[in-house]
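In what follows, a structure is listed as structure tokens, so that the remarks can point back to it.
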Amino acid sequence: MGTAFTLESIKFYKMKSQWFVRLVFLLALALNLGFSLFPIGDNDFSALMLYVDKISQNMMNYAMNPQALAALPAPLSQGNIVFIVSYLILQLINLVLMLVYAGGYSAERVGKLAGEGVKRMLISLPKVLLLLLLLVIPALFSSFLFWIPLIVLVCALCFAPLFYSEHGMGFLAGLKESWRRTKGRKLYIFVSFALLGILFDLASLLIPDNPTIAQWIMPFFDVLLILMRGRLLGLLYVFFYRQVGGLETGAYTGVNAKELFDEVLKPGPGEAWRTEKTTPNDPFHNAR
């Protein structure tokens, strides 16, 4: 069972709304390939490398003479800063696309349209952005502790965006519910995503050691990873909230692989769309 979710996440194309998958894929590919071929700002960080090298070789001298350290050339140019900011914005968009996929997948698992899940996820983005800001401080402190505290927090709060979108929960309520649903399961979640990362790294070894070729191919691999992570998040959320939760209450009795990954489930108590009716006015629904 440990690898079942990771292997299932590779099937990111396996959704009823095929146009939804294609749209997310093409949008992510256009953004990542465009940034790879036409980077914004200056991606030459040789000055920073030289700066770090000089400090590491003469650390005691610079510690005793701060004026000498201040006299060194600036390690980052304005173009470098622009590149870093644009790269972070791209990664934020990639994260949003990952969550959008997870929202669409989870919606389909309760018989709704992927477009409904996408709409709800986009509406909940302000809460998601606030959550990211909340994680900035732990991220700074985690750098001194091998990132362990940040990893634990991310695994504990990873379901919060889906509780925001599907339940309409408040910011703190979503955090608490995600923390409760991942209690005792954080290691499982971490291992599932780590295995996916290992598979991605192994696949990346197939890319020729040529900067020009890598510039074209790596964005394609990055987009695949975005969709796989989105599916894995949706799979884990559906399992730990809907299926394990259903087992605890007797509402869910599925045990085989087909039921685990394909069965259409019922919305849980308190879900925002529990009283909604599915309508065919969804551009993603059964499009061919």
Side-chain angles (χ1 to χ4, degrees), residues 5 8-28 95-128 131 158-171 173-174 177-178 180-182 226-254 256-288:
F5 290 96
E8 180 67 20
S9 69
I10 298 175
K11 305 174 185 177
F12 64 88
Y13 51 85
K14 191 178 177 183
M15 287 185 64
K16 294 179 181 178
S17 302
Q18 289 295 304
W19 272 108
F20 164 67
V21 179
R22 294 169 189 166
L23 181 61
V24 175
F25 176 83
L26 291 175
L27 179 59
L95 176 62
V96 170
L97 292 175
M98 184 194 82
L99 293 175
V100 162
Y101 182 99
Y105 170 82
S106 181
E108 284 198 347
R109 289 301 303 274
V110 290
K112 299 297 181 179
L113 303 174
E116 293 183 46
V118 172
K119 180 178 67 175
R120 291 189 176 279
M121 183 58 70
L122 292 176
I123 292 174
S124 68
L125 280 184
K127 297 175 187 177
V128 175
L131 174 58
C158 63
F159 295 158
L162 288 160
F163 283 121
Y164 294 148
S165 63
E166 296 194 352
H167 298 254
M169 288 186 177
F171 180 71
E177 186 65 17
S178 181
R180 186 174 76 87
R181 293 291 179 174
T182 57
I226 292 168
L227 297 178
M228 291 176 189
R229 283 175 173 169
R231 186 173 182 85
L232 181 56
L233 178 62
L235 285 165
L236 292 170
Y237 168 78
V238 167
F239 178 68
F240 285 126
Y241 168 62
R242 300 191 191 285
Q243 293 171 309
V244 172
L247 286 171
E248 294 170 351
T249 61
Y252 175 73
T253 58
N256 60 46
K258 181 175 177 56
E259 290 175 331
L260 185 65
F261 297 128
D262 298 331
E263 183 183 18
V264 176
L265 306 169
K266 294 181 179 180
E271 290 192 34
W273 51 31
R274 185 174 175 81
T275 59
E276 291 183 356
K277 294 183 179 180
T278 301
T279 61
N281 300 321
D282 184 346
F284 303 132
H285 182 59
N286 292 332
R288 291 293 184 269

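For the numbers below, each heavy atom of this structure counts, side chains included, while hydrogens, waters and symmetry mates do not. Throughout, numbering of the chain's residues begins at 1 and tracks the sequence.
- Atoms CD and CE, from Glu166 and Met169 in turn, are 10.5 Å apart once rounded to the nearest 0.5 Å.
- By the side chain to side chain contact (heavy atoms under 4.5 Å, CB included) test, Leu26 pairs with no residue at all, sequence neighbours left out.
- Annotation: salt bridge (Lys or Arg N to Asp or Glu O under 4.0 Å) contacts involving residues 232-241, sequence neighbours excluded, are absent.
- Leu233 places none of its side-chain heavy atoms less than 4.5 Å from the side chain of Tyr105.
- A salt bridge (Lys or Arg N to Asp or Glu O under 4.0 Å) check over residues 98-107, counting only residues at least two apart or in different chains, returns nothing.
- The two residues Ser124 and Met121 have their closest heavy-atom pair at OG-O, 2.8 Å.
- Applying the side chain to side chain contact (heavy atoms under 4.5 Å, CB included) rule to Phe171 yields the partners Lys127, Leu130, Leu131, Leu134, Tyr164, Leu175; only residues at least two apart in sequence or on another chain are considered.
- Within the 3.5 Å criterion, the main-chain N or O of Ala160 finds no donor-acceptor partner in the side chain of Glu177.
- With sequence neighbours excluded, the residues satisfying side-chain hydrogen bond (donor to acceptor under 3.5 Å, both in side chains) with Arg231 are Glu8, Tyr101.
- Within the 3.5 Å criterion, the main-chain N or O of Gly103 finds no donor-acceptor partner in the side chain of Ser106.
- When every heavy atom of Val128 is checked against every heavy atom of Leu99, the shortest pair comes out as CG1-CD1, 3.6 Å.
- Note that CZ of Arg229 and CG of Leu95 are 10.0 Å apart. Values are rounded to the nearest 0.5 Å.
- Every residue meeting the ring-ring contact (aromatic ring centres under 6.0 Å, His included) condition with Phe163, not counting sequence neighbours, appears here in chain and number order: His167, Tyr237, Tyr241.
- Considering every non-hydrogen atom in both Leu227 and Phe25, the closest pair reads CD1-CD1, 3.8 Å.
- Judged by distance alone, the side chain of Ser178 and the main-chain N or O of Phe159 form a donor-acceptor pair under 3.5 Å.
- Classification of Arg120 and Glu116 as a salt-bridged pair fails, no side-chain N sitting under 4.0 Å from a carboxylate O.
- Applying the side chain to side chain contact (heavy atoms under 4.5 Å, CB included) criterion to Ile123, with sequence neighbours excluded, gives Lys119.
- For the residue pair Ala114 and Ser17, the shortest heavy atom distance occurs at CB-OG, 3.6 Å.
- Contact annotation: the side chain of Lys14 never approaches that of Phe12 to less than 4.5 Å [non-hydrogen atoms, C-beta and beyond].
- Summarising the geometry, atom CD belonging to Glu108 is positioned 8.0 Å from atom CZ belonging to Phe20; distances are rounded to the nearest 0.5 Å.
- Considering all non-hydrogen atoms of both residues, Leu236 and Phe5 come closest at CD2-CG, 4.1 Å.
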